[in-house]
There are 2 protein chains.
Amino acid sequence: MTKERNLYIKKLKFIFIIHMGRELYKFNQYLNESGLRATRQRGIIAKTFFEAGPHISVEELYHQVVEKDRRIGLVTVYRTLKLLRGAGLAQGRQFGDNHTRYEKTPGDSHHDHLICTRCGRILEFENDTIEGLQRKVAEEVGFAVLDHKLELYGICKECRSRGKKAGRKAPPTLS
Amino acid sequence: MTKERNLYIKKLKFIFIIHMGRELYKFNQYLNESGLRATRQRGIIAKTFFEAGPHISVEELYHQVVEKDRRIGLVTVYRTLKLLRGAGLAQGRQFGDNHTRYEKTPGDSHHDHLICTRCGRILEFENDTIEGLQRKVAEEVGFAVLDHKLELYGICKECRSRGKKAGRKAPPTLS
DNA sequence: GTGAATATGAAATTCATTTTCAATTAAATC
DNA sequence: GATTTAATTGAAAATGAATTTCATATTCAC
C-alpha cells in the first residue's frame, strides 16, 4: 500500500507543478536553491503578480492579493516583490510619479516605454536599430552596456484626439 | 546730487547683474515675474548649484552651500531646488540608487546618460539618429513625444581596465 | 521708515519602504 | 506522525527623502 501511496503523491506533485505555471515554478526553484521557504503567502503574491497587468504598483498588487487572502499584510507583499527581484523574475520601474511600478522581467527580450503624461498610460515598444546604436555610442567611449532604459514621455493617441474634441477647453482631468 | 546718486546706483545694479551670470539672472527674473522674493539664501543656493558639477545630490549641494553660509537649512535647499525646477533651470534625475540627482536644464539641446554600475560615474552623450528614431517609433502609435530619457547602465572604461589589471581578483570596492 | 506678505529654520509630518519582535509555520529529520 | 530548527509572518516601529507647519525674520513696494 505504501508504494502505491508514494506513487500517488508523486503524481499529485507532478500535476501541481504543471498546473503552477512556468514563472511560479521558477520562483519556487529559486526559493529552494536559496534555502528559503515556499510559504502560502509567497505563492499567492507571486501568482497574483504573474497574472497581473504590466506596470503594477505595490498598492495595487496588495489590493489584488488581499482579495484572495485577507490575512496577508502589505509588508509581505514588499518582501515577496524583493524576492522576485532577487530571483530575476521582476523589475521595478520609476516613471517619475513616486510610485514604483513592477513588471515581469522579460525573457531574452527587452522593451522600453512610452508614458502618457496626461492619462498615465504606459505603452511598451522595441526597436532593434535604436538598441544597436546605443551599443555603438557606448563602445565609442569604452563603455560596456549591461542594461538600459529608454522612456518616451508625451501625449498618447487617445489623449491627443480627446484634446481635439475638447477644442479650446481644458482637457478632462484624469487624476 | 540726487540725480547723480540715482545714476550711480543704476550703474551698480547693472554691474551686479552682468556679474551675476546668465542662469542666475534668469532665476531672478523668474522670481520677480512670479511675485516671489529674491532672498540671500536663494541666491547662494542657486549660484552654488549653477557652479556645481553635473548630477549633484541634494545632500552634496547642501554641504557646498553650508560652506558659504552656515545658517542655511536643508529645507531651504529643497525649496530652492523646487523653484529652480519650476523655473525650468534644473531637472531631477533618478538613476536607481534612491538619491535624486540634479542637473542644469540644457538650453536647446538634450543629452542622455551612461551610468557605471561599478563606480557610479555618470557620463553624458547625445545622438541625433537615436532621437530621430525615437520620434518615429512614437509616431507609429500616434504618440507625441515631449521628453525622453535614455540611460545606459554598464561598466565604464576605467572600471573595465581596472578589472583587467586586477586579474582574477575581486575588483576594488569603490563604495 | 512702514507694513504686508513672502521666506526662513527647526520641528513635525508624510509616504514608500524596511526593520524589529513575538508568534507562526515550512520542511528536514527521526 | 512528532519534533525541532530556523525561516517567515503581521503589526508596530523605524528609516530616509522630501514636504509641511509655525513662529519669527525678511524682502520689497509704497
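Only this structure's heavy atoms are used, side chains among them; waters, hydrogens and symmetry mates stay out. Protein chains get the first letters and strands the later ones, always in sequence-line order, with residue 1 at the start of each.
One can place CG of A/Leu81 at 15 Å from P of D/dT8, the figure rounded to the nearest angstrom. Remark: P of D/dA7 and OH of A/Tyr30 are 14 Å apart, rounded to the nearest angstrom. Put simply, CD1 on A/Ile72 is 12 Å from C1' on D/dT8, counting in whole angstrom units. Here the C1' atom of nucleotide D/dA18 and the CG atom of B/Leu61 are 15 Å apart, to the nearest Å. Rounding to whole angstrom units, CG of residue B/Leu83 and C1' of D/dT19 are separated by 13 Å. The distance between atom CD of B/Gln41 and atom P of D/dT27, rounded to the nearest whole Å, is 7 Å. Atom CD in B/Glu33 sits roughly 18 Å away from atom C1' in C/dT6 (whole-Å rounding). Across the protein-nucleic acid pair, B/Asn28 atom CG and C/dT6 atom P stand 18 Å apart, rounded to whole Å.
Each of B/Arg40 and B/Val58 was assigned the nucleotide of DNA chain D with the nearest heavy atom; the assignment lying further toward the 5' end belongs to B/Val58. Each of A/Thr100 and B/Leu74 was matched to the nucleotide of DNA chain C holding its nearest heavy atom; the match closer to the 5' end belongs to B/Leu74.
Using a 4.0 Å cut-off, no side-chain N or O of B/Tyr78 falls inside it from OP1 or OP2 of D/dT19. Of the side-chain N and O atoms in B/Arg42, none sit less than 4.0 angstrom from OP1 or OP2 of D/dT27. When the side-chain nitrogen and oxygen atoms of A/Thr39 are compared with OP1 and OP2 of D/dA7, none of them lie within a distance under 4.0 Å.
Residue contacts for A/Leu36: at a heavy-atom cut-off of 4.0 Å it reaches the sugar-phosphate backbone alone, with no base atom in range. Residue contacts shown for B/Arg79 include a base, since a base heavy atom lies under 4.0 Å away.
Counted by atom type alone, B/Glu126 and B/His111 present zero donor-acceptor pairs between their side chains at under 3.5 Å.
A continuous path of Ile, Leu, Val, Met, Phe, Trp and Tyr side chains, each step under 4.5 Å between heavy atoms, connects B/Tyr102 with B/Leu24, placing both in one hydrophobic cluster.
Here CG of B/Leu89 is found 7.5 Å from CZ of B/Phe27. Values are rounded to the nearest 0.5 Å.
The shortest heavy-atom contact between A/Val145 and A/Arg135 is O-NH1, 3.9 Å.
One can find a donor-acceptor pair under 3.5 Å joining the base of C/dA5 and the side-chain atoms of B/Arg37.
Ranking C/dT19, C/dT17, C/dA16 by closeness to the A/Lys82 side chain, first place goes to C/dT19.
Aromatic ring pairs are classed by plane angle as parallel below 30°, tilted from 30° to 60° and perpendicular above 60°; the pair A/His148 and A/His110 is tilted.
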